[in-house]
Amino acid sequence: VQLQASGGGLVQTGGSLRLSCAASGRTGSSYAMGWFRQAGGKEREFVAAIGKSGGSTSYADSVKDRFTISRDNAKNTVYLQLTSLKPDDTALYYCGFQHSGYWYQARAPNYWGQGTQVTVSS
């Protein structure tokens, strides 16, 4: 499975971005995907995840009510809509893939995308 993340950029505080992560290869029909981020000098942290049907989602408390995860199974693509961005949201955003219908927090992703940079200026 290959993951291609895109959509990052430079935005001002309060702005919005939409990240995309396209999966290709032997994804199968039942998989969950998630987004993580890593700021300079910090550990990678969970941001959001979505199950195979899109009905099951989870978010980190720090982004709840500001970020929205969604998916288009016809395109094998997961999106992360970022709104009300803050400088603390500045990070390299990665997508992850699990061969599972639901996202399991205790499991590491089976695959990672290459990351897309989000920079929020104050």
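These figures come from a predicted structure and were not determined experimentally.
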Does any N or O in the side chain of [X] come within less than 3.5 Å of the main-chain N or O of [Y], such that one atom is a donor and the other an acceptor?
X	Y	result
T77	K75	yes
T90	V120	yes
T57	I50	no
Q114	A5	yes
T27	S24	no
S16	T83	no

Heavy-atom side-chain proximity of [X] to [Y] below 4.5 angstrom:
X	Y	result
S100	R107	yes
V1	N110	no
L85	F67	yes
L80	V47	yes
M33	I69	no
E45	R37	yes
S70	Q81	no
Y104	Q98	yes

Problem set entry | Within one Ile-Leu-Val-Met-Phe-Trp-Tyr cluster: V11 and L82, side-chain cutoff 4.5 Å |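 Yes; tracing contacts between hydrophobic side chains, which count when under 4.5 Å, links both residues.
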Exercise. Under a 4.5 Å side-chain heavy-atom rule over Ile, Leu, Val, Met, Phe, Trp and Tyr, are L3 and L92 clustered together?
Worked result: no
Exercise. Which residue pairs pass the disulfide (SG to SG under 2.5 Å) test when at least one of the two sits in residues 29-85, sequence neighbours left out?
Worked result: none
For this session: Please list all pairs passing the disulfide (SG to SG under 2.5 Å) test where one or both residues lie in residues 27-74, with sequence neighbours left out.
Result: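 Listed once each, the pairs would be none.
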For this session: Using the six-membered ring of Y94, assess whether NZ or CZ of R44 lies under 6.0 Å from its centre and within 45 degrees of the ring axis.
Result: yes
Exercise. Taking the six-membered ring of Y59, is the NZ or CZ of R66 close enough (under 6.0 Å from the centre) and on axis enough (within 45°)?
Worked result: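 No, R66 does not lie over the aromatic ring of Y59.
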So how far is it from [X] [atom1] to [Y] [atom2], rounded to the nearest 0.5 Å?
X	Y	atom1	atom2	result
R71	S53	CZ	OG	8.0 Å
Y111	Q2	OH	CD	8.5 Å
C21	W35	SG	CH2	5.0 Å

For this session: Answer yes if the side chains of Y79 and R18 hold a donor-acceptor pair under 3.5 Å, and no otherwise.
Result: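 No, because no side-chain N or O of Y79 sits under 3.5 Å from a partner of the opposite role on R18.
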Exercise. Do N76 and Y31 get their side chains close enough for a donor-acceptor pair, meaning under 3.5 Å?
Worked result: yes
Exercise. Using the benzene-type ring in the case of Trp, are the ring centres of F46 and F36 under 6.0 Å apart?
Worked result: yes
Problem set entry | Residues, nucleotides or ligands: over 12 heavy atoms within 6.0 Å of Q105 CD |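 Counting neighbours around CD of Q105, more than 12 heavy atoms of other residues, nucleotides or ligands fall under 6.0 Å, so yes.
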Exercise. Salt-bridged, K86 to D89, with N to O below 4.0 Å?
Worked result: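 D89 and K86: not salt-bridged.
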